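Below is one structure; the comments refer to it alone.
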Amino acid sequence: MMKPVYDGIPVELKEEKSWVNWKLERVKAGRNGSKPFTKIPMAVMGGKASTTDPKTWAPFESVRRNFEAKCAQDGKGALDGVGLVLRGDLVGLDLDHCRDRKTGQIESWAAEIVKTINSYSEVSPSRTGLRIICRGAVPGSRRRKGPVEMYDESSPRYLTITGAHLEGTPTTVEERQEAIEEVYFNFLDRKEEQEKLSPIFSSAPDLNLDALFDVALTAKNAPKFMGLWSGNFQRYGYPSQSEADLALASIIGYYVGPDPEKIDGCFRRSALYRDKWERTDYREGVIGKAMAQESFYDWGPDESKINEVIRPIDPSLLGGTKPQKDDWCAQLHKTKAPKTVKLETWDETCAIADAQVEDWLLPGWCEFGCTHILSGLPFSAKSSIVTELLAAIAQGRNFGGMPIQEVPFILLDLENKERILIKRLRRALAGDEGRMGELYSRVNPLDIKRPVTTTFVGECIKAVRERVSGPKGLVVIDTMRSAFAADELSPQEIYNIIIPFKRLAEATQWAVVILHHNAKYSNKYSGNTAIAGAVDYLWNWSKDAHKMTGTMEWEGRDDVQSSLEFRFDMELQRNVFVGTTSEIKSQEKEDANEVAIGQVLQFVPADIYEAKTLEDLFSMVQEEHPDMSDRTIRRRLDTAYEQHLCLRTGEGKRGDPHRHYLSEAGRAVVNKIKGLALLGEVS
């Protein structure tokens, strides 16, 4: 077999993370007694690789080094080459038995395909075939006919790569969708035009599409459905979005029936919808596979099952500690242990991390799909700061100097009367309700059974989804003690509360914020450290009643900490953002430096004709500030000169010393310091 020519492999292919090794193995003898060989994909970590398991793939350099180390071995450890699993928009063509091993002569039909595709081409390991790699998508379901094979990521496959570039073809991987279709219809499927998808009989009722796919929330695979619907396909093991597209379309197709228009209409409302869906060949290919199911959901001859699945929420059935049998939230409590342990390499973990996308309600502070604890002392106005956050969502304005997304939210307020809650919200809205009427939802405390369960909150989210468009939102639970009545000192009870809510947040892509009380006379949450261990983000609100200020501190799992400063405005009757703590401290430091410099500049004349020498200024300053040394005065004057607050005359030599006088900016600083002194703010 031909040894890989690494320099001949296009750089863009080397950048892919889906490389494997391969080796020859003899398969079972055929009827004619021959014992052919097959190429087995091998993982860098050992064992066989899988074209559907990204954990068995590796970057090019890792595969290359593994091959170089093992290619010369004898026995089972030997390797014969490197290969690439087709992902994304990569399309690979395999042309068998078309090249003379000795002369290199290529048969006419293969030469025609190479010319039509006009992308990177190479000689196969046996030297009797060709490989062509380009970008696009296979337009139909056929993958092989005679010596011609064509694959993309819809049919998991890997190609052995030699780097033996075929002379006269491009050295790069080109976009060739039209050429792919031409070759496909000429060599694999000679139909001039694919039959367009047409509706097949479906028992699904002709109802609003939103109602139709909501039935999926009652199934066992509801968490996966919600993850796909929210665009979070990596968490459920899909290496690419194309595979996730097919999985979501198949689930939708099961419920809406083999109707391409309904499948298409539902899919377009999901977070997986993208520009690629507008490609007719891709969309029809996915929908066609989604319709090729053996069975579909039976709605009954008279649509009697609709009321069994899509029914109004009955408050009497909600809030119990035991999940309903058909409740999708119950599935969040079940975990399955893996049959075998698979270790990830550094590159694999990096690839998974790079594919995960951050999605913030409030940048850096509140993340969708995560749980948050906001703690504060009783009567410290932590509920008020939350209502101001909700008002910012409804009005589409900044909160704490940061932009915030306009999403629906649900209040489970178990401490405040409606009169107090509405008073706070109206005060925060200041006469402009924005989208509050559309986004606001609240559960009457009388309808909430204790303890609050993920089942109950999941039903609330489902009800909001039926009323408000959009896959993401916010749940606020006020407070932990009122909602759960758990022993705060028991780690097990805390985990039993928060971990299910973490799973709920991940499955729905809603952010969950739980208010909690601080320990007495403390700025730390009350209870066991399991509270911090279970949630994703910790917030703490503290208030200084004498200064009418408040501080919101934040801590996340990436070891980053931050804090925001607020001031209570008596006229507006609400908290007004002042700035981050670091910005305020930096400004305070600058102000202190300005005051320190101003203490010296007060003795510097404003007129150039009255400029003073350094020695004169020493005596004048020290007469009022006897503790200030010559060195300190000199340093502050040098700083003032660097900031153009004071100017100098003279060359600074013996007989012609420097003389100092104020610039216009320096006079402004002196006037400011004198004004502060009159107000009693500067001693």
Side-chain angles (χ1 to χ4, degrees), residues 204-205 207-233 235-236 248-249 251-252 254-256 262-263 265-273 297 306-315 317-319 323-324 326-332 359 361 366 368-371 390 393-394 405-412 435-443 447-448 452-477 500-501 503-513:
L207 295 179
N208 182 282
L209 291 176
D210 291 331
L212 282 176
F213 63 72
D214 270 349
V215 68
L217 297 180
T218 65
K220 292 183 179 181
N221 65 344
K224 182 174 77 171
F225 169 72
M226 289 306 304
L228 292 170
W229 185 262
S230 303
N232 191 15
F233 60 88
R235 187 178 297 276
Y236 293 92
L248 178 59
I251 295 175
I252 293 172
Y254 174 74
Y255 292 105
V256 304
K262 288 182 179 180
I263 297 174
C266 282
F267 188 91
R268 289 176 181 273
R269 301 185 183 190
S270 74
L272 289 182
Y273 172 71
Y297 185 77
I306 296 175
N307 292 330
E308 296 178 14
V309 180
I310 307 173
R311 57 184 180 275
I313 294 180
D314 183 357
L317 299 176
L318 302 180
Q324 298 296 322
D326 64 343
D327 196 333
W328 65 275
C329 290
Q331 303 303 319
L332 301 175
D359 192 4
L361 171 63
C366 187
F368 291 113
C370 294
T371 52
L390 300 180
I393 293 175
Q405 293 196 43
E406 296 180 66
V407 296
F409 51 83
I410 302 172
L411 270 175
L412 276 74
R435 298 178 61 191
M436 183 62 76
E438 173 191 354
L439 301 177
Y440 174 93
S441 294
R442 175 177 175 268
V443 181
D447 293 334
I448 303 175
V452 173
T453 65
T454 50
T455 302
F456 172 65
V457 177
E459 291 288 353
C460 295
I461 293 174
K462 178 181 176 181
V464 171
R465 286 185 190 277
E466 295 175 352
R467 183 172 61 86
V468 183
S469 61
K472 300 175 292 189
L474 170 67
V475 176
V476 177
I477 302 175
F501 276 92
R503 293 176 181 167
L504 176 70
E506 292 171 357
T508 61
Q509 280 300 291
W510 278 50
V512 177
V513 176

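This structure is a prediction, so every number in the text was calculated from the model and none was measured.
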Output the distance between atom [atom1] ([X]) and atom [atom2] ([Y]), rounded to the nearest 0.5 Å.
X      : Y      : atom1 : atom2 : answer
Glu459 : Thr454 : CD    : OG1   : 10.5 Å
Asp359 : Cys370 : CG    : SG    : 10.0 Å
Ile448 : Arg442 : CD1   : CZ    : 7.5 Å
Leu248 : Tyr273 : CG    : OH    : 14.0 Å
Phe267 : Leu272 : CZ    : CG    : 5.0 Å

[X] and [Y]: which non-hydrogen atoms are nearest, and at how many Å?
X      : Y      : value
Ile263 : Ala249 : CG2-O, 4.1 Å
Leu474 : Ile393 : CD2-CD1, 3.9 Å
Gly458 : Leu504 : CA-CD1, 4.1 Å
Thr371 : Ala505 : CG2-CB, 4.5 Å

Item checked: side chain to side chain contact (heavy atoms under 4.5 Å, CB included) evaluation trace for Val475 with Phe501 -> CA-CA 10 Å; Val475 176; Phe501 276 92; 5.9 Å; no
Next item on the list: With side chain to side chain contact (heavy atoms under 4.5 Å, CB included) as the test, would you mind laying out the steps for Lys472 and Leu361 before giving the verdict?
Entry: CA-CA 9 Å; Lys472 300 175 292 189; Leu361 171 63; over 6 Å; no
If we only count heavy atoms from C-beta on, is the [X] to [Y] side-chain gap below 4.5 Å?
X      : Y      : answer
Arg465 : Pro471 : yes
Leu439 : Leu390 : no
Trp510 : Val457 : no

Next item on the list: Determine, step by step, whether Tyr440 and Phe409 satisfy the side chain to side chain contact (heavy atoms under 4.5 Å, CB included) criterion, reporting the C-alpha distance in whole Å, the side-chain angles of both residues, the deciding distance to 0.1 Å, and the verdict.
Entry: CA-CA 6 Å; Tyr440 174 93; Phe409 51 83; 3.7 Å; yes
